[in-house]
Amino acid sequence: MSLAGRSLSTLCDLTSDELTSIIDLAARVKKAPKEFADALKQKTLAMIFQKPSLRTRVSFETGMTQMGGHAIYLAPTDISLGKRETTEDIAIVVSRYADLIMARVFGHDIIEEMAAHATVPVINGLSDYAHPCQMLADLQTVQERKGTLKGLKFVYSGDGNNVAHSIMFGGALMGMHVVIVTPPGYEPNEKALAKSREMAAKTGATVNVTNDLAAAAQGADVLYTDVWASMGQEDDAERRRQFFMPYQVNMGILQKAKADCVFLHCLPAHYDEEVTYDVSRTPNSAIFDQAENRMHAQKALMLKLAGAA
Ligand code: CP
Ligand code: NVA
């Protein structure tokens, strides 16, 4: 299944079969990395960052190195996206040098504008609206632990943010039963919810939103959380804490889930806020496999978009 030349702004850009083909390839890449050692030889990935990163930067860069290619890190201060130069001109110019572009931005419109003007694939490495590469790794991790995705109950507790939206889109495509639990007033974006339900209708998936974590956690196959204040919301972190504390994933919540429930967190984690440290170190926790899988899943994605697999 070819995805050559395509961009990935959100998982809504993919069909269920296309998403499955990326996750399957990610498993192959993880099992036999040497098979892909020269697959992106002489290829360059330009990585444009408006925000900080550990996993996204290191996993994309090492992924390119392992496949014989090269990655260039462009820090927020290097190109001052939208200030020193327009997004349109940056997309056109970078396309003349690089074979792939990955960008981590504030406004999702920047990713869309970049994809519209670039002549090479553009990968969303996180925007305020979506974090599709994260969900690729999350799905790979759940598949490894549970052996399947379809029909699983996937419960996310926290802010209705970029990560929540990608869980809704990916879960909808994979036929999962997604429950997004947030404090009142922090529910996911209406447009994202409508879109995910439209996708879910085709796969037998469901996407529900609630404010009741104790009820939602019952029988969960996957329990997931993320920071309460995302990058760019740091000034609001203190105020948010009081509303979000009842949504913490702790041992009491984990015990309501299935015994073999997989605990996930995209990281970075703020321990004893959105998750207690003890939950993160239980055998249920797959947070470090999940972080590792960012690299394998993104290698698979780059192979597909570059037309090398
Ligand atoms: N999960 C994730 O995207 O991590 P970074 O912000 O460190 O890249
Ligand atoms: N929601 C978080 C995810 C970090 C990987 C943020 O946008 O900061």
Side-chain angles (χ1 to χ4, degrees), residues 8-11 26 45-64 71 73-76 101-111 123-142 156-170 180-183 186-189 192 222 224-241 243-244 247-249 262-271 273-275 280 285-299 301-302:
L8 184 72
S9 304
T10 75
L11 293 178
L45 167 73
M47 308 191 295
I48 298 172
F49 282 88
Q50 276 192 322
K51 297 173 176 174
S53 169
L54 171 66
R55 279 145 292 272
T56 304
R57 178 186 175 179
V58 180
S59 58
F60 267 105
E61 190 162 337
T62 51
M64 272 311 263
Y73 171 67
L74 296 156
I101 299 172
M102 185 276 289
R104 165 166 286 195
V105 298
F106 284 98
H108 187 68
D109 53 324
I110 299 172
I111 288 289
I123 299 168
N124 180 0
L126 181 149
S127 67
D128 286 357
Y129 183 67
H131 195 2
C133 296
Q134 181 64 55
M135 189 55 171
L136 295 180
D138 302 344
L139 291 170
Q140 181 182 0
T141 310
V142 176
Y156 168 92
S157 181
D159 188 21
N161 61 14
N162 43 10
V163 169
H165 294 162
S166 290
I167 289 169
M168 287 154 48
F169 300 146
I180 303 292
V181 194
T182 73
Y186 292 90
E187 289 85 359
N189 173 290
V222 180
Y224 197 122
T225 190
D226 181 18
V227 290
W228 294 336
S230 286
M231 290 179 274
Q233 298 173 330
E234 289 82 359
D235 290 350
D236 199 32
E238 185 57 43
R239 198 188 62 84
R240 283 178 173 233
R241 222 161 268 146
F243 306 118
F244 280 81
Y247 297 87
Q248 179 187 71
V249 178
V262 185
F263 171 71
L264 298 179
H265 190 311
C266 54
L267 303 179
H270 292 167
Y271 294 116
E273 291 191 11
E274 72 274 6
V275 62
S280 77
S285 174
I287 60 174
F288 298 118
D289 292 340
Q290 182 188 6
E292 178 188 330
N293 285 341
R294 289 292 302 278
M295 183 177 72
H296 306 300
Q298 289 158 193
K299 283 170 77 176
L301 176 67
M302 292 191 285

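First listed ligand is number 1; within each ligand, the first listed atom is number 1. Heavy-atom basis, side chains included; hydrogens, waters and symmetry copies ignored.
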Is Arg57 close enough to touch ligand 1? Criterion: a residue heavy atom under 4.0 Å from a ligand atom.
no

Honestly, for Leu267 the part within reach of ligand 2 (heavy atoms, under 4.0 Å) is backbone

Please check: side-chain N/O of His131 versus main-chain N/O of Ser166, any donor-acceptor pairing under 3.5 Å?
no

Any N/O of His131 closer than 3.5 Å to an N/O of ligand 2?
no

Check whether Glu61 reaches the backbone of Ala71 with its side chain - one donor and one acceptor, N or O, closer than 3.5 Å.
no

Just need the protein heavy atom nearest to atom 7 (O) of ligand 2, so name the residue and atom and give the distance.
Asn162 ND2, 2.8 Å

May I ask whether Leu126 places a heavy atom under 4.0 Å from ligand 1?
no

Taking the side chain as every heavy atom from C-beta outward, state whether Val163 and Tyr156 have any pair of such atoms under 4.5 Å apart.
yes

Nearest heavy atom to atom 6 (O) of ligand 1 wins, so pick from Arg104, Arg55, Arg294, Lys51.
Arg104

Counting both backbone and side chain atoms, is some N or O of Ser230 under 3.5 Å from an N or O of ligand 2?
yes

Heavy atoms only: give me the nearest Ala130-Asn162 pair and the separation to one decimal.
N-CB, 3.5 Å

Please report the shortest heavy-atom distance between Phe106 and Gly232, naming the atom on each side.
CE2-CA, 4.0 Å

Would you say Leu54 and ligand 1 have an N/O pair spaced under 3.5 Å apart?
yes

Counting only nitrogen or oxygen atoms and a 3.5 angstrom limit, does Met231 reach ligand 1?
no

For the ring pair Tyr186 and Phe244, is the centre-to-centre distance below 6.0 Å?
yes

Please say whether Met231 places an N or O atom under 3.5 Å from an N or O atom belonging to ligand 2.
yes

Does an N or O anywhere in Asp226 fall below 3.5 Å from an N or O of ligand 2?
yes

Would you say the side-chain atoms of Thr225 and Glu274 include a donor-acceptor pair closer than 3.5 Å?
no

Report the relative orientation of the aromatic rings in Phe263 and His265; use parallel for angles under 30°, tilted for 30 to 60°, perpendicular for over 60°.
perpendicular

Taking only heavy atoms of Leu126 into account, list the atoms of ligand 2 that are under 4.0 Å away from them.
3 (C), 4 (C), 5 (C), 7 (O)

